[in-house]
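To keep things clear, I will list the structure first and then write my remarks on it.
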Amino acid sequence: MDRQPPGPREVVAGLLGDERLLTILRARDMGALFKLMNTRGVSTRRIAAAAGIGQGRLYDYMNGRTKVEKLTMFEQIAGAFQIPGELLGLARRPWEPTAPAEPYRAPLGEVLAHSDDLSAMDAFRSADRQARGGRLYSAVVRHLTDSIAPRLVDGASGPAVFGAAAALTEMAGWMAHDSGQDSIAAAHFSKALPLARTSGDLPLAAHVAASSSHLALQTGDPREAAHWALAGVELARAGAHLPSLMARLHTMHARALAATGQYASATAALDQAGVSLDLGADDEHPWLSPFDHATLASESALVFGDLGSSAQHSSTRSKPSASARKAEPAPWP
């Protein structure tokens, strides 16, 4: 089956760290934005359709005969191409992730009070290494129901219990995925994210976003994967700095870009992942699975496998190899 060319949102997502795009957005020059997208392989027909305007008006913008001036039009364009509001001088858009102004930092005593939850998480991880395929899924769900859920409505519990609920709910999602139940996995991830936000643990929320990105790739939706990777980056930037978490998110973004054949953007995202990892590969978080240079190397092989398949496909019109997919690493150890 022919690989589709990158869509407008995918191209914009791949350029969000590019100074050329940022300069255009600061100047609010939508004609230049449309031209940049067109040079990246997006047809004027697709740009016009996504922006909700006619091609005649699009050409007027691109040729400088007229400019976008109305606030409603800027908002329409931001929504069409998933451009963060602040980059166009707008309020945060409804689809952008929100974060509390003051990220919660659990006191050491509160973390220790939930050491049983951490022990349970470690035990489930260890057992899952021995019995892959989601065989422990029902046990994790039962633990969530019997041990975690009652404390979520207990006034004496602190925010940390929501972090435990988020981490174990995410784990249940990956076990559902291992069992071939991707819709259930997605439902678990969608529940885990607000739980992580409620706990105030933004790195955990970003980690859940990375899992959503990974699942989207597995289910063949690179656009959704790019969205969740970038949402995770924003959450990670708002919380305590964990270089290895940022490396994971940049790597997931690279994989999403590679899935649509965006070589330059994908390799740039991989470079960002390497830089982030070099800043602190040994940083730790009680709920997050580790991400190290070996994991980065494995993910990089998948990125270049996808890019190689894309290049081969465009020259031979043959079907992309599935070998990279078969080498898919475990989402968490």
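Just so it is clear, the structure is predicted and the values come from calculations on it, not from any experiment.
Put simply, NZ on K35 and CG on N38 are 10.0 Å apart, with the number rounded to the nearest 0.5 Å. Here OG of S265 is found 5.5 Å from CG of L257. Values are rounded to the nearest 0.5 Å. Within the model, atoms OG of S211 and CE of M171 stand 11.0 Å from one another, a figure rounded to the nearest 0.5 Å. Expressed to the nearest 0.5 Å, how far CG of L235 lies from CG of L249 amounts to 8.5 Å. Between atom CZ of residue R223 and atom CZ of residue R9 there is a gap of 6.5 Å, rounded to the nearest 0.5 Å. The CG atom of L195 sits 10.0 Å away from atom OG of S190, with the distance rounded to the nearest 0.5 Å.
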### Message
Let's go through H143 and I148 carefully: what are the C-alpha distance in whole Å and the side-chain angles of both, what is the deciding distance for side chain to side chain contact (heavy atoms under 4.5 Å, CB included) to 0.1 Å, and is it a yes or a no?
### Response
CA-CA 7 Å; H143 181 77; I148 303 294; 4.1 Å; yes

### Message
Using the rule given for side-chain hydrogen bond (donor to acceptor under 3.5 Å, both in side chains), can you reason through D201 versus H285, listing the C-alpha separation, both sets of side-chain angles and the distance that settles it, and then say yes or no?
### Response
CA-CA 10 Å; D201 191 336; H285 184 287; 2.9 Å; yes

### Query
Should I184 and Y137 be marked as a side chain to side chain contact (heavy atoms under 4.5 Å, CB included) after you check the CA-CA gap, both sets of side-chain angles, and the distance that decides it?
CA-CA 11 Å; I184 294 177; Y137 172 74; 3.5 Å; yes

### Task
Test side chain to side chain contact (heavy atoms under 4.5 Å, CB included) on L33 and I77 and set out the steps.
CA-CA 10 Å; L33 169 65; I77 291 171; 4.1 Å; yes

### Message
Would K70 and Q76 count as a side chain to side chain contact (heavy atoms under 4.5 Å, CB included) here? Give the steps.
### Response
CA-CA 10 Å; K70 292 184 178 180; Q76 182 175 322; over 6 Å; no

### Message
What verdict does the ring pair (Phe, Tyr, Trp, His ring centres under 6.0 Å) test give for F189 and W228, after you've listed the backbone C-alpha separation in whole Å, the side-chain angles of each residue and the deciding distance to 0.1 Å?
### Response
CA-CA 11 Å; F189 292 158; W228 280 115; 9.4 Å; no

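Between F74 and V68, some side-chain heavy-atom pair lies under the 4.5 Å cut-off. The shortest side-chain heavy-atom distance between R40 and Q262 does not fall under the 4.5 Å cut-off. With contacts defined as side-chain heavy-atom distances shorter than 4.5 Å, the pair V12/Q82 does not qualify. Proximity of L270 to H250: side-chain heavy atoms (C-beta onward) are nowhere separated by under 4.5 Å. Under the 4.5 Å side-chain criterion, counting only non-hydrogen atoms from C-beta, L168 is not in contact with V141.
The minimum heavy-atom distance between A256 and A226, with the atom names listed, is CB-N, 3.5 Å. Residues I53 and M73 share a closest heavy-atom pair of CG2-CE, 3.2 Å. Of all heavy-atom pairs between L58 and I47, the closest is CD1-CG2, 3.7 Å. The two residues A185 and A176 have their closest heavy-atom pair at N-CB, 3.9 Å. Of all the heavy atoms in M62 and F34, the pair that sits closest is CG-CB, 3.7 Å. Of all non-hydrogen atoms in T267 and A264, the two that sit nearest each other are OG1-O, 3.0 Å.
Within the structure, the ring pair (Phe, Tyr, Trp, His ring centres under 6.0 Å) test picks out no pair touching residues 36-62 (sequence neighbours left out).
Checking E170 against H188 by side-chain atom types alone, no donor-acceptor pair falls below 3.5 Å. Of the N and O atoms on the side chains of S289 and R248, at least one donor lies less than 3.5 Å from an acceptor on the other residue.
Looking at E86 and R26, no side-chain N of the basic residue comes within less than 4.0 Å of a carboxylate O on the acidic one, giving no salt bridge.
Environment of OH in Y263: sparse, with no more than 12 heavy atoms of neighbouring residues, nucleotides or ligands closer than 6.0 Å.
Of the possible donor and acceptor atoms, none in the side chain of R46 sits under 3.5 Å from a partner among the backbone N and O of T44. When atom types are taken as modelled, the side chain of S298 and the backbone of A294 share no donor-acceptor pair closer than 3.5 angstrom. Within the 3.5 Å criterion, the main-chain N or O of L144 finds no donor-acceptor partner in the side chain of S147. Formation of a donor-acceptor pair under 3.5 Å by the R93 side chain with backbone atoms of A78 is not found in this model. Looking at S276, its side chain does come within 3.5 Å of a backbone N or O of Q272 through a donor-acceptor pair. Listed for the R28 side chain is a donor-acceptor partner under 3.5 Å among the backbone atoms of L88.
Exactly one of M252, H227, E224, H253 qualifies for a side chain to side chain contact (heavy atoms under 4.5 Å, CB included) with S213. That residue is M252.
With sequence neighbours left out, the salt bridge (charged side-chain N to carboxylate O under 4.0 Å, His left out) criterion links R45 to no other residue. Judged as a salt bridge (charged side-chain N to carboxylate O under 4.0 Å, His left out), and not counting sequence neighbours, the contacts of R20 are D18.
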